[in-house]
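Protein chains get the first letters and strands the later ones, always in sequence-line order, with residue 1 at the start of each. Given the structure is predicted, the values throughout are model-derived calculations rather than measurements.
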Amino acid sequence: MKSEITISELAKLMNVSVHQIRYFEEKGILQPAYVDRNQYRMYGMDQVYRLAHILLLRKLGVPVQSIKECITSYSADQLGQLLHRSLLEIDTELLRLQELRQFMNKILQKQPNVSPQSEHYRVKRRDTAYLTRWMEMESGSKLNARGLVERAGLVPDLFESDIHCIEDGSGTLTLYLETQAPGDYSLPEGEYLAVLRLIHEEDELEQAIEQFYDYAAAQSFALIGPLILIERSYLSLFTPDKLHYELQALIEPDEHSGKGARP
DNA sequence: CTTCTGACA
DNA sequence: TGTCAGCA
């Protein structure tokens with residue numbers, strides 16, 4: 001029995017496809033030990049090691065075209081730089097995945113609130129939140145796509161964030177994004193009256209706001225500070241054609257501090 | 001049965 | 001990158 005192996009054996013050994021091995025040959029980076037009379041490619045240990053190197057470089061993101069020079073004429077120093085570079089790339093990818101994971105957790109924590117009978121009032125505790133101004137608009141005006149492009153600062157992952165809309169009395173609606181560090185505006189820690197609403201038409205939102213104040217009055221909640229309107233557009237993934245809003249307002253930390261009220 | 005080549009999405 | 005045909 002020959003010491004060399006066939007292409008399918010090599011493929012199984014290295015956990016790659018036969019096609020891929022031929023592709024490497026076509027690109028001139030992996031030649032068979034020899035070609036048998038029946039035109040079969042045959043591979044020995046040299047090719048096994050060589051293929052292992054190729055696969056490793058590929059894992060590091062080295063394009064197949066560059067692998068040839070990489071193996072043949074690269075100094076140990078150049079290779080060290082290459083490894084160092086891909087280590088940095090791995091770190092950034094790791095960071096990206098961690099952030100993605102956090103976001104998925106955030107959705108899963110809020111999603112149970114969505115479907116059942118979510119639209120009920122409750123009192124919830126909020127820690128201090130720091131907001132950074134993103135854009136401003138007149139209270140009556142509607143936000144369209146063009147307005148987004150022209151007037152709003154570009155924010156990566158905008159629609160994965162909780163957009164806080166706050167009306168500051170003077171007829172200006174300011175949209176904020178939540179940030180880690182203190183920014184343009186701070187929401188004090190405390191008890192907030194809150195309600196979730198699913199909105200599919202513009203005027204429903206205004207109704208919801210009126211109902212919010214009516215409810216607060218009926219329950220004798222003393223609301224201080226502005227109404228905070230939080231849009232979580234990423235939750236609309238579960239309910240097409242509906243936007244998810246949470247209405248909140250700080251409650252005077254006096255009476256009503258204990259249990260929340262029910263509608 | 002396995003592989004090869006070439007072509008295609 | 002996988003898949004398929006047609007051939008040896």
Please report, rounded to the nearest Å, how far the P atom of C/dG2 is from the CZ atom of A/Phe24.
11 Å
In Watson-Crick or G-U wobble terms, both distances under 3.5 Å, what is the partner of C/dC7?
none
How many Å lie between CD1 on A/Ile5 and P on B/dT2, as a whole number?
16 Å
For a quick test of reading the model: is some side-chain N or O of A/Thr6 closer than 4.0 Å to OP1 or OP2 of B/dT3?
yes
When you measure from the side chain of A/Thr172 to the backbone N and O of A/Glu138, does any donor-acceptor pair fall under 3.5 Å?
no
Could you tell me the separation between the CG atom of A/Leu10 and the P atom of B/dT2, rounded to a whole number of Å?
16 Å
Considering only heavy side-chain atoms of A/Ser8, the closest of B/dT2, B/dT5, C/dT1 is B/dT2
Starting at NZ of A/Lys12 and ending at C1' of B/dC1, how long is that distance when rounded to a whole Å?
12 Å
NA contact type, A/Arg41, heavy-atom cut-off 4.0 Å: base, sugar-phosphate, or nothing?
sugar-phosphate
Between A/Glu246 and A/Lys124, does at least one N-O distance fall below 4.0 Å, as a salt bridge requires?
yes
Quickly work out the A/Gln39 CD to B/dT2 P distance and round it to whole Å.
19 Å
Whole-Å distance separating the CZ atom of A/Arg37 from the C1' atom of B/dC4
18 Å
Return the value, rounded to whole Å, for the distance between atom CZ of A/Arg22 and atom P of B/dA7.
15 Å
For the side chain of A/Tyr40, counting heavy atoms from C-beta on, which of B/dC4, C/dG2, B/dT2 is nearest?
B/dT2
Tell me whether A/Glu9 contacts the main-chain N or O of A/Thr6 through its side chain, where contact means a donor paired with an acceptor under 3.5 Å.
yes
Does a distance-only test, which skips hydrogens and angles, find a donor-acceptor pair under 3.5 Å between the side chain of A/Tyr23 and the base of C/dT1?
no
Under 4.0 Å between a Lys/Arg side-chain N and an Asp/Glu carboxylate O for A/Arg41 and A/Asp36?
no
Residues A/Arg197 and A/Gln211: side-chain donor-acceptor under 3.5 angstrom:
yes
To the nearest Å, give me how far apart CD (A/Glu9) and C1' (B/dC1) are.
13 Å
